[in-house]
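Structure first, commentary second.
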2 protein chains.
Amino acid sequence: MTEKKWTLKSIAAHLGVSNATVSNAFNRPDQLSSKKREEILAACKALGYFGPNKAARSLRKGTFNIVALVLPDSVEYMVSDPVASSFMRGVAKVLEPQGINLLLFSGNTDSVNNIVDFVDGFICYGRPRNPKLIEQLATVTKQVVTVDFELQDQASVNIDNQGAAREVAKAALMQFNAPAEQADAAILGLRLLDTDLICRVYDHHLPKLSTSIAHQRLAGYRQALEACQVTLPEDRIWNIPESSERFARIAAKEALAIRPRPNVLLCMSDLIALAAAREALAQGIQIPQELKIVGFDGIDEAELFQPTITTIHQNSENKGEQAASLFIRKEKRQIRLPFELRVGQSI
Amino acid sequence: MTEKKWTLKSIAAHLGVSNATVSNAFNRPDQLSSKKREEILAACKALGYFGPNKAARSLRKGTFNIVALVLPDSVEYMVSDPVASSFMRGVAKVLEPQGINLLLFSGNTDSVNNIVDFVDGFICYGRPRNPKLIEQLATVTKQVVTVDFELQDQASVNIDNQGAAREVAKAALMQFNAPAEQADAAILGLRLLDTDLICRVYDHHLPKLSTSIAHQRLAGYRQALEACQVTLPEDRIWNIPESSERFARIAAKEALAIRPRPNVLLCMSDLIALAAAREALAQGIQIPQELKIVGFDGIDEAELFQPTITTIHQNSENKGEQAASLFIRKEKRQIRLPFELRVGQSI
DNA sequence: CTGTTAGCGCATTCAA
DNA sequence: TTGAATGCGCTAACAG
């Protein structure tokens, strides 16, 4: 039983060599004879010393092998979002083989202060809920990669959210043969407003200019509506605070209660689209005959559902891989990833 | 523009006070006049010093406000498992308000060495894939909470997997009126073997004694089979390496190809049960008339699916909360959580 | 209430 | 190739 807690120093003393020698044995093989190195390593192993203390080494070197994954919202919430999960999977896939660990960080937090000294940098998946965080991340000296939003001239990974939203909305709206058939649209938006409420979104609520993906998608929908000459009454946009079945269903219920009942639902996530579809079916509304629904993201469940959901498929896992690669290579590029319109049975 | 990189020392010098005073201003309000404290804090803020470097403080204090969440498998895989996600949600829910951050750690890794010096301890969700990790976690001096398996006399959170498996299997088997109706069972097991292969599991493959949840569940199934006097031919157990639709579907296909075709599928996860159900329906097999299926875990999707899956519902989120609470309180208790049989339309 | 000092455990000069 | 010394940035004990 080796109860003693070894340190580099104590080990060196015990072995009768200097601490630099032990340090070199672990970190710089070229600095000592390989024979001596082997000896030392073996002795350390036998004694139960597993190498230099990583916290101390990090303090000294300034590197940590930890990157903070800044989530838009609380960890609690993000972990159950399939799109975020795919993204994390992509990130982990690239980082794990490099021996880099992932620290989950909530976008609700007031400050990165508690972790900034522990990590090599940040990968931010979506604009953090708390604006203070954004300010800080903009001034931080460590590396930052942003995803689905931009920050000064940091590296970033994006898709053309506006263009994608326009395409998917168009796909739905083109199903109508105006003027014989009239499209009545409603938009189920995801985090259009900075609130936890499910509510209507009126024009005066919206910021003039925003780079958040929700607003970009909204702009895309609007372009499509305009192109198809469909006017959207101002009470036809909902805010859903998080992409959950429960919240989405409530909003869907509200939207379907309006008269004339909307016959197109533009949903900012597949989870929302699925919830809306379930609500509609539960009310006996036929999809797509009486109601067309489109989603966004391209999650598996939307393809397994009946009817399959028309959506914009984006490869979230790849997004994660790209972000992690940028991070590792310390590149400061902006990457724009492709998306793909997937037409299902829901329109 | 404050380009200078402040340290406690340099700030103290700049302000003409001792470093202890600055340190106290941030950490121990009672050690100095609140007036001076305010002054110092304000000055620091103005100068762009955001408080003591956390890495250095941690080296000194030995605490990190980081806990490693050790996953059974790669981060990449675990992040997409809904049950694991619920668990993580529970953990995050308790830890986040305490300002404790979560470091994701892969159960495939050879050694906790790279992170052990950065964390206050470990929460292990399921037995890590790599046995070396288990050895190390058993000897680590930091706090460990295990979930779904036990480690020496560390704190742990569990359910009675064997009892639960027995119950759910019984529920399915009791639907048959022997001897008129004969149950032909097959088991779709999750990680019964330490391999990436989808394959049959023969008795000689199995360890005699195992505390892994897969083997406990298998034991439970066997008890139920015995109690209902159903014999299980030795080629009716499958190993599925991970709880994914794709793999499970392949195994289900194999199982349904056997003659006489099984009319009961005991599945070790809901994801597997869902995949099996989809495969069966695709083959035109009627559930539950021609085939009964039971799952394990109680995920949302299994309740939304048609037919709803009979399963053991365990509250994974609560499991996470319990584990995190044990961790925070530094308790060394073993907690056994209840489970609930939920009978759906699949039997 | 304030200041001085000795480490936390290590990596890196620089001299030998 | 090795060893002694310095400091990464901080906290806690102690002295004033």
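Quick caveat, the model's predicted, so the values are computed rather than measured. Hydrogens, waters and symmetry mates are skipped; everything else that's a heavy atom, side chains included, is used. Chain identifiers are assigned alphabetically (A, B, ...) following the order of the sequence lines, protein sequences preceding nucleic acid strands; residue numbering begins at 1 within each chain.
- For the OP1/OP2 pair of D:dT2 and a distance below 4.0 Å, the side-chain nitrogens and oxygens of A:S18 include no atom meeting the criterion.
- The CZ atom of B:F118 sits 12 Å away from the C1' atom of C:dG9 (whole-angstrom rounding).
- Side-chain nitrogen and oxygen atoms of A:T21 include at least one within less than 4.0 Å of the OP1 or OP2 phosphate oxygen of D:dG3.
- Aromatic ring pairs are classed by plane angle as parallel below 30°, tilted from 30° to 60° and perpendicular above 60°; the pair A:F87 and A:Y125 is parallel.
- Scanning all heavy atoms of the two residues, the minimum distance from B:P241 to B:D196 falls at CG-O, 3.2 Å.
- Counting only heavy atoms from C-beta on, B:S33 has its side chain closest to C:dT2 among C:dT2, D:dC10, C:dT12.
- Put simply, CZ on B:R37 is 13 Å from P on C:dT2, counting in whole angstrom units.
- A salt bridge is absent between A:E242 and A:R191; no separation between the charged side-chain nitrogens and carboxylate oxygens falls under 4.0 Å.
- The side chain of A:N53 lies closest to C:dC10 when the candidates are C:dC10, C:dT12, D:dA13.
- Remark: B:Y49 is not in phosphate contact with D:dG9, judged by side-chain N or O atoms under 4.0 Å from OP1 or OP2.
- Distance CZ (A:F26) to P (C:dA11): 10 Å, rounded to an integer number of Å.
- Using a cutoff of 4.0 Å between basic side-chain nitrogens and carboxylate oxygens, B:K319 and B:D148 are scored as salt-bridged.
- Distances shorter than 4.0 Å separate none of the side-chain N or O atoms of A:K9 from OP1 or OP2 on C:dC10.
- Nearest nucleotide to the B:A56 side chain, out of D:dC10, D:dA12, C:dT12: D:dC10.
- Each of C:dC10, C:dT2, C:dG3 was ranked by its minimum atom distance to the side chain of A:L8; first place goes to C:dC10.
- Distance from the side chain of A:K61 is smallest to C:dT12 among D:dC8, D:dT2, C:dT12.
- Of the candidate nucleotides C:dT5, D:dG9, D:dG3, D:dG3 has the atom lying nearest to any side-chain atom of A:V17.
- Residue A:D117 is classed as having no contact, given no heavy-atom separation below 4.0 Å to the nucleic acid.
- A:R60 comes within 4.0 angstrom of a nucleotide base, judged by non-hydrogen atoms across all strands.
- In this structure, B:R57 atom CZ and D:dG9 atom C1' are separated by 12 Å, rounded to whole Å.
- Scanning all heavy atoms of the two residues, the minimum distance from A:I115 to B:N101 falls at CG2-OD1, 3.3 Å.
- Among residues at least two apart or in separate chains, ring-ring contact (aromatic ring centres under 6.0 Å, His included) pairs with a member in residues 26-62 of chain A are A:F26-A:Y49.
- Distance A:K36 NZ to D:dG3 C1': 11 Å, rounded to the nearest Å.
- Counting to the nearest Å, the C1' atom of C:dT2 and the CD1 atom of B:I40 are 10 Å from each other.
- Phosphate contact (OP1/OP2 of C:dA11, side-chain N/O of A:N24, threshold under 4.0 Å): absent.
- Considering only the side chain of A:Q31, D:dT2 comes nearest among D:dT2, C:dG9, C:dG3.
- Distance, A:N19 CG to D:dG7 P: 16 Å, rounded to whole Å.
- Closest to the B:L59 side chain, of the nucleotides C:dC8, C:dC10, C:dG3, is C:dC8.
- When each of C:dA11, D:dT2, D:dG3 is scored by its nearest atom to the side-chain atoms of A:A20, the top-ranked nucleotide is D:dG3.
- Residue B:R28 places at least one side-chain N or O under 4.0 Å from the OP1 or OP2 atom of D:dA12.
- When each of A:K54 and B:G16 is assigned the nucleotide of DNA chain C with its nearest heavy atom, B:G16 is the one assigned upstream, toward the 5' end.
- Rounded to an integer number of Å, the gap from CD of B:E39 to C1' of C:dC1 is 14 Å.
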